Amino acid sequence: MGYEKSAAAFERAQKVLVGGVNSPVRAFKSVQGTPYFADHGSGPYLYDIDGNRYIDYLMSWGPLIWGHAHPTILEAISQAAARGTSFGVPTELETEVAETMARLIPSVEVVRMVNSGTEATMSAVRLARAATGRTYVVKCIGCYHGHADQFLVKAGSGVASLGLPDSPGVPQAIAERTLTVPYNDLDAMRALFSEMGQDIAAVILEPVAGNMGCVLPREGYLQGVRDITREHGALLIFDEVITGFRVGLGGAQVRFGIQPDLTTFGKVIGAGLPVGAYGGRRDLMDLVAPTGPVYQGGTLSGNPLAMSAGLASLRMLEAAAERGIYEQMETYGRKIVERFVELGEQYGIPTCGDAIGGMFGLFFHKGPVTDFASAAASDTRRYAKFFHAMLQEGVTFAPSQLESAFISCVHTDEEVDATIDAMEKAFAGLV
Ligand code: KE4
């Protein structure tokens, strides 16, 4: 595998783009080395500008549940583009996407489209604060909800777990209104609410954590959080930017049988075009302008190209779900995880992992990984070696141990078997 063209492209990019990238994780800092530059994608494959082909489990960090350049999605985009790229007035496309989301996700009665997951989560939190008249928000350590100031906090000290800014530029006054607790820890959530419950507007959490690797909720955890928030009059926001339409046709909330008050979306509903959305109970959503006083707007919200791509993706998912596409993706993910763990045992390397729907995670950790503290104890150096060894074998995972792997509806036995062969070769070089 040569990377000369990518290396030159990265040199050039760093002169005019911050760090040579438009999102930090793309710079490969946590796996070292030089990022490969994409040339094009086709189905489950990504091709870089040096002509290397990879079986792709990064999938643009989640949106590409139909793989790269799916003909039906491309056709939808080109038909929409031929009619114009944006209008600044409503289109029926937006209504059709919202109707589809509301039909597939029972807790969602009304939707607002935005342009990114960050916009969705920051707007949902603003709405929760307005609806409850309270200012504190609870997030779980290790869950990522985008880069709005209120989410860039690290665990504070003491039971109150007052957030501390985790990035320069985030005022203490904002950070301290975000409280943090470990994921999967109902006792910590209960203790926090017993101390501050009357001041907490909402809990926002990833129902399946995808930003500390792939970490599933413990049995009863999500229902426990639902019960605690309801008991204290706080709202429950499920951040399904990753899990929405990925862990099942109804997202994590339908799969786990939990009704949040608000849900945020992104990624899959735009099929690779810029998109986000938040939605939920009508009495809450009607507080948003122009129906209510909570302001939020966006020039390109509900953009017809993103809506046409998203609608095509969702319509194909509905049909494919009947054919067991989610079970198929989960079976493939589980097969990769199981072989990864077996190889760890064979070579005496601590490994664990999990899979759910179209996502899975591989940890260099003896397990179990249930929260950020355990995820962060993984052998990230060994993950970096594994990541590059797999690149050499023509397979790309996420360039970070603390991210998830994404499979698509168009990965087949051929790619999964080749991935397992590649892992067998990669492990030989890890000891
Ligand atoms: P965006 O603003 O990046 O569209 O969405 C933010 C976001 C919100 N909620 C969850 C659960 C998310 O995972 C994300 C974004 N995911 C990361 C990767 N895990 C985006 C990759 C990147 O930052 O480049």
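In listed order, ligands and their atoms are each counted from 1. Just so it is clear, the values below take in all heavy atoms, side chains as well, and ignore hydrogens, waters and symmetry mates. Note that the structure is a prediction, hence the values are computed from the model and not measured.
For ligand 1, residues of the protein lying within 4.0 angstrom by heavy-atom distance are S23, V25, W61, S116, G117, T118, Y144, H145, G146, E206, N211, D239, V241, I242, K267, E403.
The side chain to side chain contact (heavy atoms under 4.5 Å, CB included) check on P217 picks up Y183, N184, V208, Y221, L222, F256, with sequence neighbours excluded.
Applying the ring pair (Phe, Tyr, Trp, His ring centres under 6.0 Å) test to every pair with at least one member in residues 25-44, sequence neighbours left out, gives these pairs: F28-Y36, F28-F387, Y36-Y54, H40-Y47.
Within a 6.0 Å radius of CZ in R381, other residues, nucleotides and ligands contribute 12 heavy atoms or fewer.
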Using residues 357-372 as the side-chain source, report each donor-acceptor pair under 3.5 Å to any protein atom, sequence neighbours left out, with the distance given to one decimal.
| from | atom 1 | to | atom 2 | distance (Å) |
| --- | --- | --- | --- | --- |
| H365 | ND1 | G367 | N | 2.7 |
| H365 | NE2 | S374 | O | 3.3 |
| D371 | OD1 | A373 | N | 3.4 |
| D371 | OD1 | S374 | N | 2.9 |
| D371 | OD1 | S374 | OG | 2.6 |

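Ring centroid separation for the pair Y332 and H411 does not come in under the 6.0 Å cut-off.
Ion pairing of R190 with D227 is absent here, as no side-chain N (NZ or NE/NH1/NH2) approaches a carboxylate O to less than 4.0 Å.
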